[in-house]
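Just so you know, these numbers use all the heavy atoms, side chains as well, and skip hydrogens, waters and symmetry mates. Small disclaimer: the values here were computed from a predicted structure and weren't measured. In the text below, chain A, chain B and the rest are named by the order of the sequence lines, each starting its count at 1.
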There are 2 protein chains.
Amino acid sequence: MTGRPPGSDRLSLNQATVKRLDLAQSVDLCVRHEIPAIGLWRDRVAEAGLRQAAATVRAAGLHVSSLCRGGFFTHPDRAERASARADNRRAIAEAAELGADTLVLVSGGLPSGSRNLALARRMVGDAIADLVPTAQRLGVRLGIEPMHPMFCADRCVVSTLGDALDLALQFPAESVGVVVDTYHVWWDPRLAAQIGRSRGRIVGVQLCDWVVPLPADTLLGRGHLGDGVIDFPPVVAAVRSAGYTGFVEIEIFNQDVWDAPADQTAATVRQRFASLLD
Amino acid sequence: MTGRPPGSDRLSLNQATVKRLDLAQSVDLCVRHEIPAIGLWRDRVAEAGLRQAAATVRAAGLHVSSLCRGGFFTHPDRAERASARADNRRAIAEAAELGADTLVLVSGGLPSGSRNLALARRMVGDAIADLVPTAQRLGVRLGIEPMHPMFCADRCVVSTLGDALDLALQFPAESVGVVVDTYHVWWDPRLAAQIGRSRGRIVGVQLCDWVVPLPADTLLGRGHLGDGVIDFPPVVAAVRSAGYTGFVEIEIFNQDVWDAPADQTAATVRQRFASLLD
């Protein structure tokens, strides 16, 4: 390993980028590649056991930039909604135990059988309102992540950073913010303005590239920085100008990346981050 | 054929819905199914010959609700840009000859090799400015169609109705307007507000449904009205409230629809339109 390039001290590797590794392996990988922070996923945390996961990360000296993820609030059935909220309260407790900077929330899509987008969006606000007291009590910041409009129907009715921010602004800044993921928001002509509006509310930043053509599974059309069309430096400069001092995660859902050796992936993540953003 | 349901006198069939038919066959299909208007595509018009196409449509008593399409302005090379503009001037002349209500413009994506979205968007405005005198002289209205943000990189950098309208408002209303296609804009929380702002500028309306999951080719993820998640009546009510009195096209890109017998497709188009919108 050569010396850490300047700026890379705010680099974080989201576990989803090395999907095949378990929590301990992901932590080791970060340590080997001098990546100082990690974004964790709940399934891998559960697999390791929450206390053990927290201990492993702490012993390695890693910062936890996010826990992925809560949300999926938009159930048509009352009991399912209650169950989703209970699960989100558990996720908040996990984020607190792990010392995560934010619990990432993906809202959920249209309720099954419904075409009522406005209703779905209200359901998201209601659910977050229900979670805020728990978040406040445990000192966790919820991060509302807008997802690309192509996921609006089936995954996330919060489609732009502006919409996510409008939701977040209904709640105290210490408990609810927004997560900026370039894959979801890069196309938005209002992105720079909305990042500016988000001062004090950005609780997470995730980067990956938009690669064309989209693959059959549009969830997996993400690439290493530089492999696609996104112009990263202005986005990162904008979040910094808006006061964000936290870690910048690399989160890549891509079958080829998952199939590559994890050390190669980590090296590419570091190299691309340094060459584009340092 | 039973009697035409009320409201269906503003129904138009876009040729792309019956992709396998040539112009004369599409015209015959509309006549057989008492669909009073048609949206034409330039390749099928060219195949028939422009004058012959215009004569065929006129002889059948069909209205031409749109000609698809011009645009694709965002070439990095000056000669290519000039060539695209020349092709668009030919498209305007074709729209005039056919008596089309609008020439639909799809802007084009990021210039090859570029990550500069703002530049691409300026190139679109510049190109339209260049075309307006021709459109004015020939009495053709250019219709800027926003496309879904998932096509921003490779097909259309105009991603929302608001963006399309902001572009259109730079030019005279008799020459430049916007096209509202539900597939591209249904997800937008600002859709109703932007349709309201579009008073006097809506020059075309196209409907098809958003079907989940998306197919491998996201261009083909469109369905018959009612097969997906879009709530059509509020959109159609909003464009009517905004003063749009023109035809409403059904335009469905979908391999299964293309593989179905055209008469079955036309019957489904009429039936769904009537049951949802009359």
Side-chain angles (χ1 to χ4, degrees), chain A residues 109-122 124 146-160 162-164 166-167 182-192 209-221 225-226 228-235 276, chain B residues 109-122 124 146-160 162-164 166-167 182-192 209-221 225-226 228-235 276:
Chain A
L110 280 169
S112 171
S114 165
R115 294 186 173 88
N116 193 334
L117 259 180
L119 172 66
R121 286 167 172 150
R122 284 198 301 276
V124 176
M147 285 188 85
H148 194 282
M150 71 183 168
F151 301 118
C152 183
D154 49 359
R155 191 162 292 263
C156 186
V157 293
V158 180
S159 302
T160 66
D163 299 331
D166 289 342
L167 263 172
T182 52
Y183 188 73
H184 298 304
V185 299
W186 74 276
W187 60 271
D188 187 350
R190 281 162 200 76
L191 180 59
D209 217 332
W210 178 281
V211 178
V212 284
L214 285 180
D217 182 343
T218 51
L219 280 173
L220 306 184
L225 277 56
V229 302
I230 297 179
D231 193 15
F232 293 98
V235 179
L276 280 167
Chain B
L110 280 168
S112 170
S114 165
R115 294 184 172 90
N116 193 334
L117 259 180
L119 172 65
R121 286 167 173 151
R122 284 198 301 276
V124 176
M147 285 188 86
H148 194 283
M150 72 183 166
F151 301 118
C152 183
D154 49 0
R155 191 163 293 261
C156 186
V157 292
V158 180
S159 302
T160 66
D163 299 330
D166 288 343
L167 263 173
T182 52
Y183 188 73
H184 297 303
V185 299
W186 73 276
W187 60 272
D188 187 350
R190 282 161 199 77
L191 180 59
D209 217 333
W210 178 281
V211 178
V212 284
L214 284 180
D217 182 341
T218 51
L219 280 172
L220 305 184
L225 277 57
V229 302
I230 298 178
D231 193 14
F232 293 98
V235 180
L276 280 167

Subject >> Sub-4.5 Å side-chain heavy-atom contact between M150(B) and F151(A) >> reply: no
**OP:** Output the distance between atom CG (D188(A)) and atom CG (D163(B)), rounded to the nearest 0.5 Å.
**Re:** 8.0 Å
**OP:** Calculate, to the nearest 0.5 Å, the distance between atoms CG and CG belonging to D231(B) and L119(A) respectively.
**Re:** 11.5 Å
Original post:
What part of V212(A) gets closer than 4.5 Å to chain B, counting heavy atoms only: side chain, backbone, both or neither?
Top reply: side chain
Subject >> Top of S114(B), C152(B), A118(B) for chain A proximity - count of heavy-atom pairs under 4.5 angstrom >> reply: C152(B)
**OP:** Measure the spacing between CH2 of W187(A) and CG of L110(B) and express it to the nearest 0.5 Å.
**Re:** 14.0 Å
Original post:
Has the side chain of R115(B) got a donor or acceptor atom that lies under 3.5 Å from a matching backbone atom of G226(A)?
Top reply: yes
Subject >> Portion of I230(B) that has a non-hydrogen atom of chain A nearer than 4.5 angstrom >> reply: backbone
Original post:
D154(B), V157(B), L117(B): which one forms the most heavy-atom pairs within less than 4.5 Å of chain A?
Top reply: L117(B)
